[in-house]
Amino acid sequence: MSELKLPTYADVVAASERIAGHAHRTPVATSRTANEELGAEVFFKCENLQRMGAFKFRGGYNALARFDDVQRRAGVVAFSSGNHAQAIALSARLLGIPATIIMPHDAPASKIAATRGYGAELVLYDRYTEDREQIGRDLAAKHGLTLIPPYDHADVIAGQGTAAKELLEDVPRLDALFVCLGGGGLLSGSALAARAISPSTKIYGVEPEAGNDGQQSFRSGSIVHIDTPKTIADGAQTQHLGKLTFPIIQRDVDDILTVSDEQLRAEMRFFAARMKMVVEPTGCLGFAAARAMKEQLRGKRVGVIISGGNVDIERYAALLAP
Ligand SMILES: *Cc1c(COP(=O)(O)O)cnc(C)c1O
């Protein structure tokens with residue numbers, strides 16, 4: 001463990017300079033209804049309004065912008081069925097780097113089309129019989145491609161941390177910050193930023209109840225692996241935290257909380273009805289946990305990162321239905 005070089009707040013600052021003018025500085029939204037319902041002041045960082053619809057563009061662009069000439073010419077490879085694929089595909093197009101994305105052939109058609117639309121080459125595989133990491137490693141070795149993983153990479157973590165950095169610059173003195181948690185790229189990056197800018201802010205990671213590997217890991221002190229959890233929060237269906245994300249989370253995060261799919265659906269309805277925003281299920285994790293903790297948050301200043309807004313419209317309608 002001691003040989004692992006963990007990213008620092010200086011890396012988050014460098015990332016914010018690298019992505020400036022390429023990623024959006026997303027707005028911070030407030031809602032009188034949210035404030036009244038929680039008895040607190042709530043500030044939402046709207047990464048559902050980020051380019052390609054999620055914060056993952058920050059980490060993807062930061063990682064690719066650091067490629068040297070040899071890496072740029074050869075290209076990048078990534079495996080993902082979700083937002084990381086689109087983040088890498090779009091960043092690669094903007095930087096003129098060839099991209100290969102490995103996706104399950106039964107991924108939502110809209111995600112396959114979006115990734116292809118950004119000009120990436122797609123390699124489709126069977127998620128029940130083939131190993132995407134092996135396919136990725138083989139392609140990387142054969143063609144000299146650089147593999148960028150979705151969360152366990154120093155440049156990805158540093159890029160994701162820029163969302164919390166912006167939020168704390170726009171809204172100083174937050175008492176608490178709620179961050180969605182899958183593999184921990186967003187949470188570890190956010191923790192680096194928050195600890196540096198606002199040391200007294202309490203930082204909470206929030207997972208789906210069915211996939212609480214992060215909470216188990218945090219409490220037991222070593223990385224716990226689980227089977228792919230069944231939850232509507234498809235951005236948080238990760239099986240374990242990363243070798244880089246876990247030690248940062250252990251050191252800098254105050255607690256890991258969980259919420260049910262029913263709570264996520266209630267917040268999807270809240271964002272649609274009250275704030276006129278499309279938020280994907282995973283993007284609702286933070287606010288659902290804040291609402292559940294409202295007794296402790298009374299009178300406090302609360303930051304919530306809304307991580308993304310990518311959800312197929314038919315699925316969205318079905319999830320909103322009572
Ligand atoms: C990837 C993702 C997450 C989880 O992020 P990690 O860095 O893996 O913890 C949360 N929300 C959305 C919308 C995502 O795409």
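Indexing begins at 1, ligand by ligand and atom by atom, following the structure's order. Just so it is clear, the values below take in all heavy atoms, side chains as well, and ignore hydrogens, waters and symmetry mates.
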Which atom names give the shortest non-hydrogen contact between S190 and L177, and what distance separates them? CB-CD2, 4.5 Å
To which of G235, C284, G183, P149 does the heavy atom nearest atom 8 (O) of ligand 1 belong? G183
Quick one, L64 with R72, criterion side chain to side chain contact (heavy atoms under 4.5 Å, CB included). Give me CA distance, side-chain angles, the key distance, then yes/no. CA-CA 8 Å; L64 266 58; R72 278 175 194 249; over 6 Å; no
Can a salt bridge be assigned to the pair D254 and R195 using a cut-off of 4.0 Å between side-chain N and carboxylate O? yes
Is there side-chain contact between M275 and F44, with heavy atoms separated by less than 4.5 Å? yes
Would you say the rings of F178 and F287 are close, in the sense that their centroids are separated by under 6.0 Å? no
Write out the residue and atom name of the closest protein heavy atom to atom 5 (O) of ligand 1, then the distance separating them to 0.1 Å. F55 CZ, 3.4 Å
What atoms of ligand 1 come closer than 4.0 angstrom to any heavy atom of E280? 13 (C)
Would you please say whether a donor-acceptor pair under 3.5 Å links the side chains of N62 and D155? no
Determine, using heavy atoms of L187 and all atoms of ligand 1, whether some pair is separated by less than 4.0 Å. no
One finds that the ligand 1 atoms under 4.0 Å from a non-hydrogen atom of G308 are 13 (C)
Heavy atom under 4.0 Å from ligand 1: found in Q160's side chain, backbone, both, or neither? neither
Among all the protein's non-hydrogen atoms, which is closest to atom 2 (C) of ligand 1, and how far away is it? K56 NZ, 2.4 Å
If you count the atoms of ligand 1 from 1 in the order shown, which ones are under 4.0 Å from a heavy atom of G185? 6 (P), 7 (O), 9 (O)
Can an N or O of L186 be found at a distance shorter than 3.5 Å from an N or O of ligand 1? yes
Which of the numbered atoms in ligand 1 are below 4.0 angstrom from a heavy atom of N83? 13 (C), 14 (C), 15 (O)
Would you please determine whether G184 falls within less than 4.0 Å of ligand 1 on a heavy-atom basis? yes
Closest protein heavy atom (residue, atom, distance) for atom 12 (C) of ligand 1: S307 OG, 3.3 Å
Do the non-hydrogen side-chain atoms of R291 and F270 ever get within less than 4.5 Å of each other? yes
